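Given the structure is predicted, the values throughout are model-derived calculations rather than measurements. Heavy-atom basis, side chains included; hydrogens, waters and symmetry copies ignored. Below, read A as the first sequence line, B as the second, and so on, with proteins coming before strands; counting in each chain starts at 1.
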Amino acid sequence: MVRIATWNVNSIRSRIDRVEAWLQRTDVDVLAMQETKCREDQFPFDRFEALGYEVAHHGLNQWNGVAIVSRVGLEDVSRGFPDLPHWGEPAVEEARAIGATCAGIRLWSLYVPNGRALDDPHMDYKLAWLDRLRVQTEAWAAEQVPFALMGDWNIAPQDEDVWSMEYYLDKSHVSPPERAAFQAVLDAGVTDVVRPHTSEPGTFTYWDYTRLAFQKRRGMRIDFILASDPLAKRVQGAAIDREERKGKGASDHAPVVIEVEA
DNA sequence: ATGGTTGTCGAACAA
């Protein structure tokens, strides 16, 4: 059994103690992280290597940043994928995607742009980014190598994935264009392998730091593991580690874990 | 109370 997880850590430098403790506690073999928020030279490689993990990181500045750590092999690292849209002034490609092959599975750690607001240029960037991911997913699905798209999608695909549709109605993450973009990736050849094992109402992966959102159970399900059909058939179980959102120094996202038949 | 919190080579901005 291989245990594979994804987690938006919201700064690896401020979270490293908790991430290290979590890995030791949960016996996870591969962890995809998002929002490492650091450059290559700032990443705490030694902390993971001391635990027996190989590390691949993609970080360009204090924003975004994605990584994969693995103790079951880590090969053929890709930073980004073709034709990703650019952002900023000057417009550049951001560190939002890294891929690696671990235990024969092609894994991607993805940090989909936030979108910010329905009328914000960042929303156009988000939708363009997701369309490129859709194109890539079609290509990967045709290759027959088992693969998974893991990360923070910044989309709540279904009404039950937010604590209140009324609250989010005029905000990003739930709009029809965003949901259509998410569905288009699914249609390209992957399925959500976590939801079938975590279908309880009120199951979320993210809770805002403000307004006592976690304590009031006001969250969103926006972190997903989407697997190709050959891999999906091997998924034996899945869980969202809500406990990790508790206490001082927690990320605002919870880790999401799947168990895969070796 | 147009509020709250966390992170970043901060002093605004992103989430």
(request) Please report, rounded to the nearest Å, how far the P atom of dA14(B) is from the CG atom of D152(A). (result) 17 Å

(request) Assess the side chains of T198(A) and R242(A): does a donor N or O sit below 3.5 Å from an acceptor N or O? (result) no

(request) Assign each of G249(A) and P113(A) to its nearest nucleotide of DNA chain B by heavy atoms, then name whichever residue's nucleotide is nearer the 5' end. (result) G249(A)

(request) Check the distance between dT6(B)'s C1' and K248(A)'s NZ and give it to me in whole angstrom. (result) 11 Å

(request) Return the value, rounded to whole Å, for the distance between atom CD1 of I12(A) and atom C1' of dT8(B). (result) 15 Å

(message) Quick check on DNA chain B: between D208(A) and H122(A), whose nearest nucleotide comes earlier from the 5' end?
(response) D208(A)

(request) Find the distance R96(A):CZ to dA14(B):P and express it as a whole number of Å. (result) 11 Å

(request) Check the distance between dG7(B)'s C1' and H253(A)'s NE2 and give it to me in whole angstrom. (result) 12 Å

(request) Whole angstrom is fine here: how far is it from CZ in F43(A) over to C1' in dT8(B)? (result) 17 Å

(request) Considering only atom C1', compute the distance from dA15(B) to dG10(B) and round it to an integer number of Å. (result) 15 Å

(message) Using 30° and 60° as the class boundaries, would you call the ring planes of F43(A) and F48(A) parallel, tilted or perpendicular?
(response) parallel

(request) Answer with base, sugar-phosphate or nothing: what part of the nucleic acid does R15(A) contact at a heavy-atom distance below 4.0 Å? (result) sugar-phosphate

(message) When the P atoms of dC13(B) and dG3(B) are compared, how many Å lie between them, rounded to an integer?
(response) 16 Å

(request) Say whether, by atom type as modelled, one donor and one acceptor occur between the side chain of S11(A) and the main chain of S14(A) under 3.5 angstrom. (result) yes

(message) Is the phosphate of dC9(B) approached by Q42(A) (side-chain N or O, under 4.0 Å from OP1 or OP2)?
(response) yes

Please list, pair by pair, any protein nitrogen or oxygen found under 3.5 Å from a nitrogen or oxygen in nucleotides 2-4 of chain B.
from	atom 1	to	atom 2	distance (Å)
dG4(B)	N2	R211(A)	NH1	3.4

(request) Could you give me the CA-CA distance, side-chain angles and deciding distance for L31(A) and I68(A), then say whether side-chain contact (heavy atoms from CB on, under 4.5 Å) is met? (result) CA-CA 6 Å; L31(A) 173 62; I68(A) 298 175; over 6 Å; no

(message) Under 4.0 Å, heavy atoms only, any strand: does Y111(A) hit a base, just the sugar-phosphate, or nothing?
(response) sugar-phosphate

(request) Return yes if a side-chain donor-acceptor contact under 3.5 Å exists between T203(A) and E200(A), otherwise no. (result) no

(message) Between dT2(B) and dT8(B), how many Å separate the two P atoms, rounded to a whole number?
(response) 28 Å

(request) Using the P atom as the reference point in each nucleotide, state the distance between dC9(B) and dA14(B) in Å, no decimals. (result) 15 Å

(request) Please state how far atom CG in N10(A) lies from atom P in dC13(B), giving the value in whole angstrom units. (result) 19 Å

(message) Between C1' on dA15(B) and CG on N154(A), what's the gap in Å once rounded to a whole number?
(response) 8 Å

(message) Whether the side chain of E35(A) engages the backbone of N10(A) through a donor-acceptor N/O pair (distance < 3.5 Å, no angle test) should be reported.
(response) no

(message) If you compare all heavy atoms of P113(A) against all heavy atoms of R96(A), which two are closest, and at what distance to 0.1 Å?
(response) CA-NH1, 3.3 Å

